[in-house]
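Each remark here refers to the structure printed beneath this line.
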Amino acid sequence: MKLPPTYDASANEPEIYKLWEDSNIFAADAKSQKEHFSIMMPPPNETGTLHIGHALGTTLQDILARHARMQGKDVLWLPGTDHAALPTNALIEEQLRKEGITKHEIGREEFLRRTKEFVSQSRNTINKQIKVMGASVDWGRSRYTLSDPLSRIVNEVFVKMYNDGLIYRGYRIVNWDPKLETNVSDDEVEYMEEKTKLYTLKYGPFEIVTARPETKFGDKYVVMHPDDKRYAKYREGDQFEAEWINGKVKATIIKDDVIDPSFGTGVMTITPWHSQVDFEIAERHNLDREQIIDLQGRLLPIAGEFNGLEIDQARPKIIEKLKTKGLLVNVEDNYLHNVATNSRGHGIIEPQIRLQWFIDVNKPAVLWKGKKLSFKQVMQTVVREGDIKIIPATFDKMYFHWIDNLRDWCISRQIWWGHQIPVWYSEDHNGQEEIYVSVLAPKSDKKWHRDPDTLDTWFSSALWTFATLIDPVLTKNYDLSLEDLLKNSPDFQAYHPTDVMETAWDILFFWVARMILATTYATGQIPFKTVYLHGLVMSENGGKMSKSKPETIIDPIEVINEYGADALRLALIQGMTAGSSQKLVRSKVITNRNFCNKLWNIARYVENFGQGNNQVAPQDIADHWILKRLIQTKDKINNDLDNFRFSDAYNKLYHFLWDDLADWYVEASKVKANKDLLIYILKNTLIIAHPLAPYVTEAIWQNLNYDDRPLAAQSYIRLIDHDEVMANNFSLVKDLVSETRRILHLLNEKDISLIYLKDELIYKNQTLIKKLSGVKDLKEVSVGSGLKLTGLTSSVWLAISPEKAEDYLKKLKQRKEQHLSHISRLENRLNNKSYLNQAPIEVINETKKQLDDFKKQLIEISREIKAFEAI
RNA sequence: GGGUGAUUAGCUCAGUUGGCUAGAGCAUCUCGUUUACACCGAGAGGGUCGGGGGUUCGAGUCCCUCAUCACCCACCA
């Protein structure tokens with residue numbers, strides 16, 4: 001089949017993906033004798049479509065997977081999706097709101113039915129998109145966090161932690177979102193800057209400052225710094241009466257050093273039920289707490305006449321009342337402060353004290369390498385001791401800092417979409433609450449009711465690397481313990497710990513850290529050996545892409561439709577460095593589309609020579625040279641990919657393919673083609689390029705019928721030998737050609753001959769040199785004349801009269817100056833005793849060689865200049 | 001308030017333990033339609049590596065300092 005002149009990605013890609021799927025080459029084989037390699041795809045949220053960040057992650061993982069496969073490993077790249085409890089729940093509630101109904105009206109069951117319908121649609125879209133990007137995942141092993149098998153593991157781990165005393169239930173202050181009626185973890189809180197009023201109020205003998213007067217009804221403690229001299233006469237525990245919003249209150253003095261004496265008056269009252277800091281003060285001093293605001297964000301009866309009002313309505317009325325009572329001292333208008341919001345849905349967080357489930361991160365109950373450690377300690381240990389390596393290493397600091405400040409993890413949520421907590425309650429005969437914590441529901445005839453709360457989404461995601469590897473069939477057997485399940489699952493035995501976790505750095509805490517926490521505990525293994533973190537992809541103007549600003553969003557699917565998946569993949573990794581954000585500019589995508597087309601056209605050229613022969617051998621100097629370059633390139637790319645240097649690998653491929661192969665070897669082959677070698681070089685270039693640009697390479701492979709098995713199933717092979725001297729001879733010819741071209745272009749001359757003194761290399765390759773350099777012809781002479789080339793060991797002249805070469809003379813003089821300065825720099829270096837004593841011998845030898853080369857060239861250049869001046 | 005990272009050609013970015021005569025792509029300029037490719041070929045110009053100081057035989061790379069930008073954490077009563 002004759003290839004068309006340009007590579008049309010959209011015409012080739014879908015068929016190729018189908019070919020890969022049909023030939024089942026991405027299926028892992030746990031029983032294989034080959035070395036195993038495993039990587040888990042971070043499961044995308046089933047809330048919509050994939051964004052450009054997913055495209056980057058998918059590309060990097062695909063490169064790793066294909067590279068490992070070509071190294072002859074048995075590769076498992078496991079795909080899947082996340083039920084994304086909070087975001088999904090928020091989305092469905094939003095839908096309901098638009099329809100004018102509330103979740104309470106339709107009930108839990110109907111709500112879940114709707115949600116399931118929505119996510120299954122969303123999942124289809126996502127899976128399609130993953131295919132479009134060319135991801136070589138094992139679809140047969142696709143997993144879902146809210147599926148039965150994974151839910152079983154979620155329950156197992158919950159129960160195990162509960163039995164080990166690592167999960168407890170308690171009254172704690174949580175981040176309550178009245179909008180979604182759930183609490184969220186600290187990490188899910190997002191602060192937004194807001195200008196508001198700051199009120200100074202009179203409170204007994206003190207003045208206090210607040211931005212939130214509506215929380216103040218129950219305040220009966222006044223707190224100040226113990227060392228604050230202004231208030232030295234007050235002692236802890238002193239009491240006084242104060243006129244307050246709804247009449248007189250009895251207040252108590254508390255001294256605590258969290259108070260900043262320089263803020264406001266240095267005195268504050270506290271509301272432990274609705275503030276983290278206040279709650280902690282109350283804990284330390286054993287103080288009363290009272291709820292002021294209910295879970296829907298309305299004031300409670302303690303607010304007296306304001307009972308039932310929403311915060312926004314109540315605030316101005318409260319201030320009005322304070323004013324009439326003469327308690328309002330001052331109002332500052334533009335007070336800048338941060339409002340806590342839920343990062344999903346942006347409900348304003350109202351701290352509340354609630355009975356919740358927590359994971360204790362400080363209790364030493366995790367057995368790790370023979371020691372009992374706390375979750376915090378395990379998470380620190382595995383990274384510090386190098387069991388897990390984070391790339392780039394700079395994220396270590398962030399990781400440790402996060403763990404140092406980690407508090408107990410609140411894992412219960414009040415939303416409906418998610419894993420319902422496996423806890424049941426009942427009353428015993430004394431009316432005392434009885435708790436039943438188990439993977440299965442209690443069977444006794446007592447009346448049990450299940451805890452209505454669900455688990456934080458990240459609890460199930462934390463199990464992703466191993467829960468996905470447990471045999472789903474086994475999970476139906478409840479006689480098996482978690483240990484049994486792990487032991488009897490071939491996939492877990494073969495693929496865990498996984499080799500790499502590749503993900504965006506912004507979920508290092510949410511997810512990566514928690515996988516480490518849960519996996520070390522549940523399996524005794526690390527979840528992965530290496531964590532590779534990629535940066536954010538920014539819009540063309542450098543800002544973050546955000547859903548609220550649709551014009552900033554680059555849709556990967558649109559880009560792929562226009563330029564092809566390979567072009568997008570290559571654009572994303574070109575110049576990318578781990579952990580740093582990058583801007584995706586259109587010109588970059590075009591460049592890489594062109595790259596794919598270049599490869600396509602090399603193949604078109606090679607296609608002309610028909611089918612190859614098994615007898616491949618280099619003959620001419622160009623053959624030896626291209627083989628040498630191919631081997632070097634292959635080794636370097638393999639090394640780069642082994643070390644996660646994606647951009648470097650691509651850079652080397654780019655220049656090999658474009659500069660060496662297309663511009664030199666293909667051109668040389670037009671003089672004399674070694675057909676079999678040409679095909680051999682192309683085949684192996686395709687193999688090397690395949691992990692980076694899978695579609696176009698496979699398209700060529702298929703079109704040229706290179707093998708029965710797809711390119712995606714091929715392995716790197718040991719390349720045939722080449723001769724060093726021959727290869728270097730081509731380099732000499734290349735230099736000669738380049739210099740000739742430069743001079744001809746500079747002088748804007750054509751139809752010039754090259755003449756040379758007897759030289760076997762030039763004699764043998766005169767057709768090649770003539771064709772590549774564009775000279776009229778080559779002649780052997782006994783005496784040279786014209787412009788002598790300065791860059792070569794042989795004596796070669798351009799047969800042009802020197803009078804025509806004024807520009808060239810200028811150039812020569814410039815070069816002479818440059819050479820002189822280099823020479824003096826290198827000589828100084830070599831005269832420096834400290835340098836000679838301390839620099840490594842290779843560096844010194846390199847310097848000597850450089851100096852030598854410069855000197856040799858200088859002689860040539862000077863001689864040429866003299867010849868000019870003699871005219 | 002605490003911390004981290006960035007600053008290299010007009011633009012987007014590489015530069016792995018210090019050895020660099022600082023690279024690439026795009027853009028610019030010159031020449032060129034030689035049938036694999038104009039999504040092309042040949043050639044050229046363009047940077048005192050943010051400023052200042054230091055360590056070293058040697059600094060884009062390490063240290064200090066300043067400036068600007070980005071991000072993270074904490075949270076302001």
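- In this structure, A:L570 places its CG atom 13 Å from C1' of B:G25, rounding to the nearest Å.
- Between A:R407 and B:C73 there is no side-chain N or O to OP1 or OP2 distance below 4.0 Å.
- In this structure, A:K216 fails the cation-pi test against A:W244, since its NZ or CZ atom is not both closer than 6.0 Å to the six-membered ring centre and inside 45 degrees of the ring normal.
- Remark: A:R742 is not in phosphate contact with B:G43, judged by side-chain N or O atoms under 4.0 Å from OP1 or OP2.
- Remark: the A:Q276 side chain and the B:A74 base include no donor-acceptor N/O pair separated by less than 3.5 Å.
- Heavy atoms only, all atoms of each residue included: A:N592 and A:A567 are closest at CB-O, 3.6 Å.
- Between A:Y199 and A:Y335, the distance separating the two ring centers is not shorter than 6.0 angstrom.
- Of the residues listed (A:N845, A:D852, A:D853), the one engaging A:K849 in a side chain to side chain donor-acceptor pair (under 3.5 Å) is A:D853, and it is the only one.
- Looking at heavy-atom distances under 4.0 Å, A:I259 makes contact with a base.
- No engagement by A:Y7 is indicated, since no non-hydrogen atom pair under 4.0 Å with the nucleic acid exists.
- For the residue pair A:L201 and A:V329, the shortest heavy atom distance occurs at C-CG2, 4.0 Å.
- Between the CG atom of A:L826 and the P atom of B:C57 there is a distance of 19 Å, rounded to whole Å.
- Taking the six-membered ring for Trp and the full ring otherwise, the centers of A:F509 and A:Y399 sit at least 6.0 Å from each other.
- We find that CZ of A:F595 is positioned 17 Å from P of B:A38, with the value rounded to whole Å.
- Checking A:S824 against A:E827 by side-chain atom types alone, no donor-acceptor pair falls below 3.5 Å.
- A donor and an acceptor atom sit less than 3.5 Å apart, one in the side chain of A:R593 and one in the base of B:C39.
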Checklist entry - In dot-bracket, 5' to 3', how would RNA chain B read with Watson-Crick or G-U wobble pairs under 3.5 Å, [ ] for crossing ones and | for pairs to another strand? => result (((((((..((((.....[...)))).(((((.......))))).....(((((..]....))))))))))))....

Checklist entry - Passes side chain to side chain donor-acceptor pair (under 3.5 Å), A:N175 versus A:Q276? Steps please. => result CA-CA 9 Å; A:N175 307 299; A:Q276 178 77 41; over 6 Å; no

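- Of the residues in residues 195-204 of chain A, none lies under 4.0 Å from RNA chain B by heavy-atom distance.
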Checklist entry - Could you run down nucleotides 5-15 of chain B 5' to 3' and tag each one B, S or - for protein heavy-atom contact under 4.0 Å? => result S------SSSS

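- Put simply, OH on A:Y665 is 19 Å from P on B:G41, counting in whole angstrom units.
- The residue A:Y335 sits close only to the backbone: its heavy atoms come under 4.0 Å of sugar-phosphate atoms, none of a base.
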